[in-house]
Amino acid sequence: MSDKKRILSGMRATNPRLHLGNYEGALRNWVRLQGEFKVYCMVADYHALTTMAEMPPDLARNSMEVAKDFVAAGIDPDQSSVFVQSMVPEHAELHLVFSMVTGLGKLERVPTFKEKKDDLGEGRMVSYGLLGYPVLQAADILLYKPFGVPVGKDQAPHLELSREVGRSFNAAFGVDVFPEFKDIIDEDESRSKVPGLDADDQGVLRKMSKSYDNCIYLTDSPDEIASKIKGAFTTPTKMRKADPGVPEGCAVCQYLRLYSSDWQRQWEEDRAGERGCMQNKADLTEALNEFLRPFRERRSDLDDASMGAILKRGAEEARDIAAQTMREVRAAMHLMPL
Ligand code: TRP
């Protein structure tokens, strides 16, 4: 077993493909932390089941494809453990234990719960599992007693609740099973909040999200990238090249900032009316395709059989740690040992 400090993070298997927002908001950090830490990269399949309305038709397929995107993004399965949540049954077990030490009021106040509940609308069933979403996430995290958890900013409330759950467990049973952990959140807003290709009805950029159909996927082909960028939102008042642009409000300029080494000059020229949107789009298409090239290469090497083997090994490595934590949990609670 590695004596490196551990990092745990996860992504929901709601969709079979990850987009640039998923990469910039979290995955980029996971890749960066490899080497210094032992990174546990989890595909959260149970978390994809928390709302019936969104239940994916083929969850196993989603899990497989998301795991492939992890590896394509640079997670090295020889250094890091890539696994699927439900393949490590200790997650479900610790979730049950944690549900006993978590107050209802606390869960009802979690902002993501309120949002999801409102999204579902009147009369729709709100599951016990949806309310318990952060309890399961606490189990995901604390099973590994990690040094830190790299996530996007939107996950901060979940991490805070996870900490409280760990403390409640320790206090309830008079033990010190679960240590504190850090959140590793990328503070660079322009990276962690990648805008989508479009704008809202006020002409303001909004986040990249499948529900808005404004995503660039890590698996998009060069042609798809070109045609998506062609249709991307730019400064609405910039009708021709000589009109001044507002790079801060232009999706194409935002991506140039992330993927073009020459973005400062490009922004200046855009602002000064010395460069047109067509030129920006052509430059971005080239830069983004260059950026995504190693993803495509790594992904084309991955078939289901090789990814399946990586996931099996990853689950075994994860279970080594998770089962040990559960032994401590059982002892602390005076449950029968297994
Ligand atoms: N809730 C996280 C998200 O929506 C996914 C997740 C599940 C997670 N379990 C986790 C993230 C544990 C970090 C640690 O992105």
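Predicted model only: the values in this text are computed from it and were never measured. In each ligand, atom 1 is the first atom listed, and ligand 1 is the first ligand listed.
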#### Entry: Aromatic ring proximity Tyr144/His91, centre distance under 6.0 Å
yes
### Aromatic plane relationship, Phe291 with Phe295 - under 30° parallel, 30 to 60° tilted, over 60° perpendicular
tilted
List, for ligand 1, each N/O atom that has a protein N/O partner under 3.5 Å away, with both atom names and the distance.
from     : atom 1 : to     : atom 2 : distance (Å)
ligand 1 : 1 (N)  : Tyr133 : OH     : 2.7
ligand 1 : 1 (N)  : Gln137 : OE1    : 2.9
ligand 1 : 1 (N)  : Gln155 : OE1    : 3.0
ligand 1 : 4 (O)  : Tyr133 : OH     : 3.2
ligand 1 : 4 (O)  : Gln155 : NE2    : 3.3
ligand 1 : 9 (N)  : Asp140 : OD2    : 2.7

### Task
List the steps, then state whether ring pair (Phe, Tyr, Trp, His ring centres under 6.0 Å) holds for Phe37 with Phe147.
CA-CA 9 Å; Phe37 297 96; Phe147 168 78; 5.3 Å; yes
#### Entry: Distance, nearest 0.5 Å, that separates NE2 of His95 from CD of Gln137
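Separation between the atoms: 11.5 Å.
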### Query
Val43, Leu218: one ILVMFWY side-chain cluster at the under-4.5 Å cut-off?
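Yes: a chain of side-chain contacts under 4.5 Å links Val43 to Leu218.
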### Query
His47 and Tyr133: ring pair (Phe, Tyr, Trp, His ring centres under 6.0 Å), yes or no, with the steps?
CA-CA 7 Å; His47 275 118; Tyr133 183 114; 4.1 Å; yes
